[in-house]
Asks: 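First the structure, then my questions, so here it is.
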Number of protein chains: 2
Amino acid sequence: MAATLTPRPAAGDRVKPAVPWWRWAVVLVPGLLLYFFPVAGLSRAQAHVFGIFVAAIVALVAQPVKMGVSVVLAMTLLAVTGALPPAKVLSGFSNVVVWLIFTAFLFSKAVTATGLGSRIGYLFIERFGRTPLRLGYSIAAADLVLAPFIPSDTARGGGVICPITRSVAEAFGAQGEASSGRMGAFLILTAFHTTYTASAMFLTSMAANPLIAEMALKVGHAELSWLGWLSGSILPGVLALIVLPWLLLRLMPPGLTDTAPARAHASEQLRRMGALSRRERWLALILGGVMLGWVTSPWHGINNTFVALMGLCAILLAGVVSWEDLLGEGKAWDALIWFAPLVMMSEVLNENGTIRVLSQRLFGALIGWPWPAALFVLVAAYCYVHYGFASMTAQVTALYPGFLAAALAAGVPPVAAALPLAYFSSLDAAMTHYGTGSAPVYFGAGYVRQGEWWRVGFLISLVNLFIWLGIGSLWWKLIGIW
Amino acid sequence: MAATLTPRPAAGDRVKPAVPWWRWAVVLVPGLLLYFFPVAGLSRAQAHVFGIFVAAIVALVAQPVKMGVSVVLAMTLLAVTGALPPAKVLSGFSNVVVWLIFTAFLFSKAVTATGLGSRIGYLFIERFGRTPLRLGYSIAAADLVLAPFIPSDTARGGGVICPITRSVAEAFGAQGEASSGRMGAFLILTAFHTTYTASAMFLTSMAANPLIAEMALKVGHAELSWLGWLSGSILPGVLALIVLPWLLLRLMPPGLTDTAPARAHASEQLRRMGALSRRERWLALILGGVMLGWVTSPWHGINNTFVALMGLCAILLAGVVSWEDLLGEGKAWDALIWFAPLVMMSEVLNENGTIRVLSQRLFGALIGWPWPAALFVLVAAYCYVHYGFASMTAQVTALYPGFLAAALAAGVPPVAAALPLAYFSSLDAAMTHYGTGSAPVYFGAGYVRQGEWWRVGFLISLVNLFIWLGIGSLWWKLIGIW
């Protein structure tokens with residue numbers, strides 16, 4: 001009998017841990033209420049989509065089932081209840097933004113599978129890690145270099161940077177448990193916080209960033225190109241990358257000053273990897289070309305998604321990874337499935353006016369305030385509401401358009417409203433140990449206790465507000481954004 | 001270091017077998033010629049899409065790279081050359097037909113992974129396989145029962161029916177090599193040929209059938225519902241399932257009459273599988289519900305795709321297979337990626353008038369003939385041209401709309417033209433050992449030599465033309481199709 005026929009004993013008749021009933025309740029109760037009792041100002045048709053959307057977003061947090069299952073359920077319900085026509089329900093799957101994300105997930109696969117990501121990390125550590133602070137900067141720099149091509153913080157932070165940081169921290173083990181632990185705490189927190197700075201900086205360094213750009217265009221008529229996004233983030237981003245490791249060195253002093261073990265470990269790892277392989281050279285070249293294509297898109301006019309797809313074709317033709325490798329990359333397919341319907345629902349709520357109605361009801365009080373004050377309140381609220389989210393994309397889909405609409409209604413210039421909300425869509429993920437996919441991975445390294453983790457996270461959120469909104473605003477004024 | 005970081009030594013720096021240059025040449029030469037030198041009657045814009053489409057279709061046969069890679073390349077070229085706008089290029093991914101196929105691929109996964117498919121096969125053999133002919137009928141019946149839910153002949157034929165048939169043939173081994181071989185030849189050919197009869201019979205039993213239904217609607221305004229498709233195929237299909245095993249018994253006499261070894265083997269397999277598991281019971285129930293949903297769709301009006309998606313949600317919620325199982329089902333993702341752009345290109349060529357122009361040029365001579373004669377010539381040509389194809393879907397995408405347009409131009413009533421071309425889109429795959437994904441699997445069992453395989457294939461194509469076009473036409477007259 002062929003292998004495919006063998007019933008897999010592990011997959012089905014195993015006793016599944018029962019899902020606690022309250023997980024379904026917190027999803028279904030608000031969903032059903034909003035579906036059957038429309039919020040004042042919403043029509044029945046709007047309420048139907050809104051109820052199903054809210055249930056889906058809550059399900060992403062409460063996770064009664066896997067995220068993909070929640071989203072497929074939501075989209076099936078939208079079609080079966082007649083809330084939306086079938087073609088509309090599936091429209092997310094032909095969205096160019098969704099395909100940009102999906103393609104970038106496949107880049108992540110190539111960067112990790114070839115070992116290029118680890119090599120870059122260890123190279124920075126070997127070359128520049130002469131003091132603990134420089135070690136921190138080396139890790140941040142490696143993250144920054146990989147960021148434009150790895151939009152999944154789980155792949156970049158959790159899959160490349162965190163394992164490298166842990167292995168480096170462990171290299172200090174020979175100098176005594178306590179010292180190694182303190183060094184580990186400093187390095188892990190540095191890697192953790194700078195990951196989200198890097199996520200905020202590029203249009204393609206966080207899964208939901210291209211979606212934000214599309215929403216900014218649709219809701220605020222603010223066009224955020226790849227270069228435009230970076231020109232707003234370059235100064236506050238670089239400043240944060242300089243300040244955060246320095247600050248963390250004060251908050252969590254590692255005690256040691258000799259970084260020789262870390263550099264020796266990095267050298268050893270690089271020696272083991274051997275010379276740059278053909279695959280890695282091709283990949284570096286192709287990704288360089290893709291970045292050039294994105295930067296120059298205002299001139300050649302080729303859509304970012306198809307620039308990325310050209311890169312993907314080149315990666316396949318050059319044999320950097322095989323088609324089978326990509327088919328086996330479940331994370332990318334998962335992202336495709338759960339991202340597309342969310343994008344679709346978010347677009348529908350925007351098109352049918354639901355966002356405008358809700359935003360007016362929630363933030364009407366801000367109208368009449370001076371716009372910088374209104375913007376500050378909105379960005380701070382947007383940031384701290386992430387204590388209630390376990391996914392950056394979920395918050396972006398649910399709240400970005402509403403907050404942007406509120407800022408516009410309060411008189412904030414479009415790009416000046418779109419950018420800080422965009423940047424804080426990543427920065428807000430660093431406050432807790434569950435705020436995004438890579439957070440539990442960093443936290444799970446075990447170098448920092450939960451209380452400490454949250455205290456530092458809150459402190460750094462204040463520093464970020466100061467750097468990005470305070471100094472950032474002056475920079476945006478300087479480059480003519482407002 | 002995490003496992004994901006380890007560079008996989010097998011995946012990249014291995015020496016790849018070089019792709020022979022002629023494989024690229026046969027793809028690129030016709031593509032470039034058609035792109036730069038439009039066929040008379042086509043505009044430059046039409047020629048650009050057509051050139052890229054032809055290159056993609058040829059690439060599916062010549063396979064200089066994997067099918068998925070060819071199709072991604074084609075769609076990227078369409079966008080980058082400006083032949084089509086980006087949103088249009090991706091539109092295939094939100095096509096409801098594509099999602100029906102994709103969902104059915106996931107059903108296949110559930111049927112094979114739970115072992116339900118094999119159980120059904122062995123049950124039929126144990127209960128009804130009292131003579132060699134009845135053994136053949138049992139295998140055909142099992143295929144027929146699985147067909148509505150397994151649209152991939154590779155999954156159904158190659159993955160379930162062929163392995164069962166081989167294991168049954170091997171059970172005759174104790175009665176001498178020669179007898180076992182002759183029995184094997186009869187059983188394998190029976191399983192092989194009845195697989196495509198089953199593929200022809202249901203809207204959801206072959207990957208491209210729903211696509212055919214959509215093309216029939218767009219080109220010929222002929223609506224082929226799930227029940228409508230079956231009402232046309234039920235009589236010729238059942239007749240073929242009765243005639244083909246009987247005929248093959250004459251063509252390839254197995255020599256033996258005692259089928260006890262086969263039934264003992266089936267009993268043994270069923271005993272090993274044990275009682276029907278919870279997963280299998282749920283799956284059978286859910287798939288029964290899905291079929292009911294498809295059959296009754298004219299009454300409740302829920303799109304077939306969303307009926308299938310409801311079934312998929314139920315399968316996931318009941319824990320028949322897990323979300324991770326589905327994410328790991330590379331075949332389904334592969335189908336999604338290479339199917340959607342083909343559907344898109346085929347639609348574009350139809351919408352922009354290319355199909356009409358080409359069909360007129362190729363089949364103009366048929367106009368003025370009595371329509372039954374024209375239909376016969378077209379269906380026979382459509383069938384035998386499959387000697388040049390290695391994929392049923394590739395032929396459907398490339399030729400179905402053109403042949404249908406030609407039949408309509410010759411005066412054939414729409415449904416009477418759409419149905420036989422639809423059925424022969426599956427039946428034509430049984431002529432060679434490479435005509436579709438499962439053909440090499442059956443052929444590879446090694447019971448029948450190539451010359452014999454082709455001779456029988458050709459003979460059965462004649463029988464199929466007689467049954468489906470000859471007797472079928474009378475049936476279609478009787479039920480009011482023309």
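Letters A, B, ... are given to chains in the order of the sequence lines, protein chains preceding strands, and every chain is numbered from 1.
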Asks: Sort by residue number and list every residue of residues 337-345 of chain A having at least one heavy atom under 4.5 Å from chain B.
Replies: A/Ile337
Asks: Is chain A contacted by the side chain of B/Val307, its backbone, both, or neither, given a heavy-atom distance below 4.5 Å?
Replies: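 Looking at B/Val307, nothing touches chain A.
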Asks: Does the side chain of A/Leu78 come within less than 4.5 Å of B/Phe306's, by heavy atoms?
Replies: no
Asks: What residues, two or more places apart in sequence or in another chain, satisfy ring-ring contact (aromatic ring centres under 6.0 Å, His included) together with A/Trp99?
Replies: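 A/Trp99 satisfies ring-ring contact (aromatic ring centres under 6.0 Å, His included) with A/Phe102, B/Phe93 only.
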Asks: Among B/Thr305, B/Thr76, B/Val111, which has the most heavy-atom pairs under 4.5 Å with chain A?
Replies: B/Thr76
Asks: Among B/Leu312, B/Asn303, B/Ile302, who wins on heavy-atom pairs under 4.5 Å with chain A?
Replies: B/Asn303
Asks: How long is the straight-line distance from CG of A/Leu326 back to NZ of B/Lys66, given to the nearest 0.5 Å?
Replies: 11.0 Å
Asks: For a quick test of reading the model, state the closest non-hydrogen atom pair linking B/Ser94 to A/Ser94 and the distance between them.
Replies: OG-OG, 2.9 Å
Asks: B/Gly68, B/Ala79, B/Gly328: which one forms the most heavy-atom pairs within less than 4.5 Å of chain A?
Replies: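 Of B/Gly68, B/Ala79, B/Gly328, B/Gly68 has the most heavy-atom pairs under 4.5 Å with chain A.
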Asks: Just so I understand: if I count every heavy-atom pair under 4.5 Å between each of A/Glu324, A/Glu280, A/Lys88 and chain B, which residue has the most?
Replies: A/Glu324
Asks: Just wondering, do A/Trp323 and B/Asp334 contact through their side chains at under 4.5 Å, heavy atoms?
Replies: yes
Asks: With B/Phe107, which residues qualify under ring-ring contact (aromatic ring centres under 6.0 Å, His included), at least two apart?
Replies: none
Asks: Is there a side-chain contact between A/Leu317 and B/Leu73 (heavy atoms, below 4.5 Å)?
Replies: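 A/Leu317 reaches B/Leu73 side chain to side chain.
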Asks: Taking side chain to side chain donor-acceptor pair (under 3.5 Å) as the test, write out the residues that go with B/Thr296, two or more places apart.
Replies: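 B/Thr296: side chain to side chain donor-acceptor pair (under 3.5 Å) contacts with B/His300.
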Asks: Counting only heavy atoms closer than 4.5 Å, note whether B/Val65 contacts chain A via side chain, backbone, both or neither.
Replies: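 Just the side chain, heavy atoms under 4.5 Å.
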Asks: Between A/Val98 and chain B, which part of the residue has a heavy atom less than 4.5 Å away: side chain, backbone, both or neither?
Replies: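 For A/Val98, no heavy atom lies under 4.5 Å from chain B.
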Asks: Which atoms of B/Leu336 come close to chain A, meaning under 4.5 Å heavy atom to heavy atom: side chain ones, backbone ones, both, or neither?
Replies: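 Interface part for B/Leu336: side chain.
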